[in-house]
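As the structure is a prediction and not an experimental result, all values here were calculated from the model.
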Protein chains: 4
Amino acid sequence: MPRKGGETSRARLLEAAERLFAERGVKGTTVSAIVAEAGLTQAAFYLYFRSKEAMVEALVNRFGEMLDRYTDAGRQAEHYPPEQLRERVTAVFVGLFELLGRNANLTRVVLQDTEAGERYRNRIVAQIAGNMRRNRSLGIVDAGIEPEIAAEAIVAAVERLVFRYVMAGGRTAEELGRHTAHLFLNGLLPDGGPADGEGARRT
Amino acid sequence: MPRKGGETSRARLLEAAERLFAERGVKGTTVSAIVAEAGLTQAAFYLYFRSKEAMVEALVNRFGEMLDRYTDAGRQAEHYPPEQLRERVTAVFVGLFELLGRNANLTRVVLQDTEAGERYRNRIVAQIAGNMRRNRSLGIVDAGIEPEIAAEAIVAAVERLVFRYVMAGGRTAEELGRHTAHLFLNGLLPDGGPADGEGARRT
Amino acid sequence: MPRKGGETSRARLLEAAERLFAERGVKGTTVSAIVAEAGLTQAAFYLYFRSKEAMVEALVNRFGEMLDRYTDAGRQAEHYPPEQLRERVTAVFVGLFELLGRNANLTRVVLQDTEAGERYRNRIVAQIAGNMRRNRSLGIVDAGIEPEIAAEAIVAAVERLVFRYVMAGGRTAEELGRHTAHLFLNGLLPDGGPADGEGARRT
Amino acid sequence: MPRKGGETSRARLLEAAERLFAERGVKGTTVSAIVAEAGLTQAAFYLYFRSKEAMVEALVNRFGEMLDRYTDAGRQAEHYPPEQLRERVTAVFVGLFELLGRNANLTRVVLQDTEAGERYRNRIVAQIAGNMRRNRSLGIVDAGIEPEIAAEAIVAAVERLVFRYVMAGGRTAEELGRHTAHLFLNGLLPDGGPADGEGARRT
DNA sequence: CATGAATGAGGTTTCATTCAT
DNA sequence: TATGAATGAAACCTCATTCAT
């Protein structure tokens, strides 16, 4: 295990990179900007990372681990009585906003600016779509829903809301989670509202 | 080497840039890659654009005009009887998917990779949120909906679906429009379905 | 002999170049700037000049011819009675300021920005120094004067005064000629003035 | 490849640039030529100067400081008895030729090839002209002298003689100083010499 | 006579990376 | 562990010049 300075420097570099990558993009951030932010020299960078690319990889891995921890934690509660569905979904959204919000820069970098991000996103989408498909066949999800499309929409929305509201501040994960859950579970229209003629509800 | 004429070359450059920018990002695309794709030399690039930056601006403007034309066209049908709401919204989504899908690369570049893109997105979100707020006070939109959040979610979802399905092929604008409309209007849950206990519908 | 447009265009190009070269230097002036100033296209430039360098040569020649005409004109009056020396020298200076002032841009370009200019200057200096040396041996010029140095000083002064006063306006050739003649003939000190003790006049 | 150390490299670059700028002009000298002369790579240049322009600025400043040191040093001996005028002026000229001659390249570059040079020259001219005007009102300088013109002539002559003789070798600062002083103090004509008829001395 | 379109060569500048200390 | 100094490669951009029309 390296001495004090070591871990500290590496961590500082990652932190600085995260911030800058999120702000200016990976391509738009120079190694020299990162080390300046971290209070080190360019050469020091290469003590901790084989290359700029390798550093991006490190961030990607960090993101992956974060996600795995979350997924593992959620695994146990896979099955729950239908009457708790709404609360359950809300809780999942809130948790996600908390998690991603706490790592908003990292999330943005990985998801929007790396090849690996595409893969992560697809994995998440696939998992959600799978769940949804299962729930659809159980009648829990509306038959008119196309899981792939809905999953993609949900992920995109969450991603965006994290950047927009958690990162920039202004909304709590709680708020965002509740409203997002409501939106995706019920849609915009009120129950049996004025625009909702009989039978018209099927697309 | 073809000497077709100015407008043609300029157009070829824009086309090539659009493709490459969308693929590798603006920063990740070199002028030399653009001209290679367009079958020209680097110097020719600067015959048509003051700088790489100026070319991005040209793309941004092109996107803006596209959007304006769409917005103007939609202006006339602002008010419609409630019973047509569903069809009307569906049509808007379909139209949007058609429009953005036809310009998927341009949309991606501008919206995801330029400062101006942020502004456009915010403008669109604001407009949608405004509509939604109005409709909410009319009882057309559920009282539990937070317009800013919902609008942000919708825009993010559309953006993403365009890249995922229209650009890559696999889904028609029609399909996407219908499903997206359904998702956002009704939500995932079925009407009065099993998970939808009495009174539980309110968040 | 080319038609109307022809000579006109060539002349316009030279004129424009003269102005721009004087302002920004030869290296600092692009062909494109020249043709823009002349209201032509780049290709047109090469109808009249083999290259930018060739155009500079043309300007150098034009300067040379100008100078030759002046020298030839002055040739006949080489010998003149001593009592007219002062007036004669003044007249030469005035004439020179008139000539160079009328072609101030050209003079500046050639003398300060071309290899050939160095040669011209050296030729002029040599001629003046020669005259001076002859006059010195005749007792017309002070024995303490070093012709090369004095000639170099005179040429430099004239050159500079042309740029400073004739080109920018503010002094007439007449004024400049009179004052320059006076300065170089008598020097700064007054005749037998206060600072001029007996015998002290020799260096 | 030597890795001597930063200050050395920076100095070598400035030295090389001074030489080349004086020879070929600023515009005519490429960064690549400078670094070649200094035995470095292009990238190294930008370790020490923000741009080529910034390097020119550095040279201009260096010239300015040189001049200031000289001016400050001369300040103390502002007033001196008239009978020492000649020696005093000679000493000033000699000192100037020494100073500028020791920095001939720098002087040439700054004075002939930069905007700032114009300003410096004007400042020097103005100062000399001011002195002269004062001395003229004291009767020390001939009433027929026009200070601006004379000052301009003196500066131009000195500048030129530095390039011609100090830079290229061939004359010492001492020689040049003495002859220049003599020329500008007494003029070309001998005292009461043959060409100096009665009353003709006034222009 | 003149132009619109293009280009090859080369300029300035930036960047990720290396290495001796 | 850290740095100061350097570099090769490549980025963006400019310029003099050419040629088909």
Side-chain angles (χ1 to χ4, degrees), chain A residues 2-10 27 29-35 39-55, chain B residues 1-10 27-35 39-55, chain C residues 2-10 27 29-35 39-55, chain D residues 1-10 27-35 39-55:
Chain A
R3 300 290 147 64
K4 212 188 65 187
E7 257 329 281
T8 300
S9 290
R10 188 174 195 277
K27 278 259 150 84
T29 303
T30 67
V31 171
S32 111
I34 296 169
V35 297
L40 288 170
T41 62
Q42 303 218 51
F45 181 96
Y46 292 89
L47 289 176
Y48 300 105
F49 304 97
R50 222 176 346 85
S51 64
K52 190 184 166 190
E53 211 195 331
M55 174 187 246
Chain B
M1 255 137 253
R3 269 175 215 212
K4 299 266 175 106
E7 270 317 300
T8 305
S9 292
R10 189 174 194 275
K27 280 257 151 88
T29 304
T30 68
V31 170
S32 106
I34 296 170
V35 296
L40 288 169
T41 60
Q42 295 220 50
F45 181 96
Y46 293 92
L47 240 44
Y48 299 103
F49 304 97
R50 241 183 17 285
S51 63
K52 191 183 160 187
E53 208 193 339
M55 177 190 243
Chain C
R3 301 290 148 68
K4 213 188 65 186
E7 259 326 284
T8 300
S9 290
R10 188 174 196 274
K27 279 257 148 89
T29 304
T30 67
V31 171
S32 109
I34 297 170
V35 298
L40 286 170
T41 62
Q42 303 219 50
F45 181 96
Y46 293 89
L47 289 176
Y48 299 105
F49 305 96
R50 222 179 342 85
S51 64
K52 189 184 167 189
E53 211 195 335
M55 174 188 247
Chain D
M1 257 135 253
R3 266 174 217 216
K4 297 264 173 106
E7 269 318 299
T8 306
S9 291
R10 188 176 195 274
K27 281 256 151 90
T29 304
T30 67
V31 170
S32 106
I34 296 170
V35 297
L40 288 169
T41 59
Q42 297 221 53
F45 182 96
Y46 293 90
L47 240 44
Y48 299 104
F49 304 97
R50 238 183 18 288
S51 64
K52 192 183 159 188
E53 207 193 339
M55 175 189 244

### Message
With a 3.5 Å distance limit and no angle check, can you tell me whether D/K27 reaches the backbone of C/T29 through a side-chain donor-acceptor pair?
### Response
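Answer holds: no.
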### pair D/F45-D/M55: side-chain heavy atoms closer than 4.5 Å
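D/F45 vs D/M55: side chains touch.
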Expressed as a whole number of angstroms, how long is the span from [X]:[atom1] to [N]:[atom2]?
| X | N | atom1 | atom2 | value |
| --- | --- | --- | --- | --- |
| C/K52 | F/dT17 | NZ | C1' | 12 Å |
| C/I34 | F/dC15 | CD1 | P | 12 Å |
| C/L47 | F/dT21 | CG | P | 17 Å |
| B/L40 | E/dG4 | CG | C1' | 14 Å |
| D/F49 | F/dA6 | CZ | P | 12 Å |
| D/Q42 | E/dG10 | CD | P | 13 Å |
| A/Y46 | E/dA16 | OH | P | 7 Å |
| A/K27 | F/dC12 | NZ | P | 11 Å |

### Query
Are D/T30 and E/dG10 close enough that a side-chain N or O sits under 4.0 Å from OP1 or OP2?
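Checking D/T30 against E/dG10: no side-chain N or O falls below 4.0 Å of OP1 or OP2.
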### Query
To the side chain of C/S9, which of F/dA6, E/dA2, E/dT7 is closest?
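Within the option list, the nearest is E/dA2.
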### Message
Closest approach to the side chain of C/A43, judged atom by atom: which nucleotide of E/dA6, E/dT3, E/dA2 is it?
### Response
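Comparing E/dA6, E/dT3, E/dA2 against the side chain of C/A43, the answer is E/dT3.
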### Separation between CD1 of A/I34 and CG of A/L40, rounded to the nearest 0.5 Å
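Between atom CD1 of A/I34 and atom CG of A/L40 there are 11.5 Å.
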### Task
Give, for atom OG1 of B/T41 and atom CG of B/L47, the distance between the pair rounded to the nearest 0.5 Å.
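Going from the OG1 atom of B/T41 to the CG atom of B/L47 covers 8.5 Å.
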### Task
Hey, which sits more toward the 5' end of DNA chain E by its nearest nucleotide, D/S32 or A/S51?
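Here D/S32 is the residue nearer the 5' end.
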### Task
Could you tell me which residues satisfy side chain to side chain contact (heavy atoms under 4.5 Å, CB included) with D/Y46, sequence neighbours excluded, listed by chain and number?
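With sequence neighbours excluded, D/Y46 shows a side chain to side chain contact (heavy atoms under 4.5 Å, CB included) to D/V31, given in chain and number order.
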### Task
Name all residues meeting the side chain to side chain contact (heavy atoms under 4.5 Å, CB included) criterion together with A/A54; count only those two or more places apart in sequence or in a different chain, and write none if there are none.
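For A/A54 the side chain to side chain contact (heavy atoms under 4.5 Å, CB included) partners, ignoring immediate neighbours, are A/R50, A/S51.
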### Query
According to the Watson-Crick and G-U wobble definition with distances under 3.5 Å, which dot-bracket string, read 5' to 3', encodes DNA chain F, using [ ] for crossing pairs and | for pairs with another strand?
.||||||||||||||||||||
### Query
Want to settle it: does B/T29 or C/T29 sit nearer the 5' end of DNA chain F, counting the closest nucleotide to each?
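Taking each residue's closest nucleotide, the earlier one in sequence belongs to B/T29.
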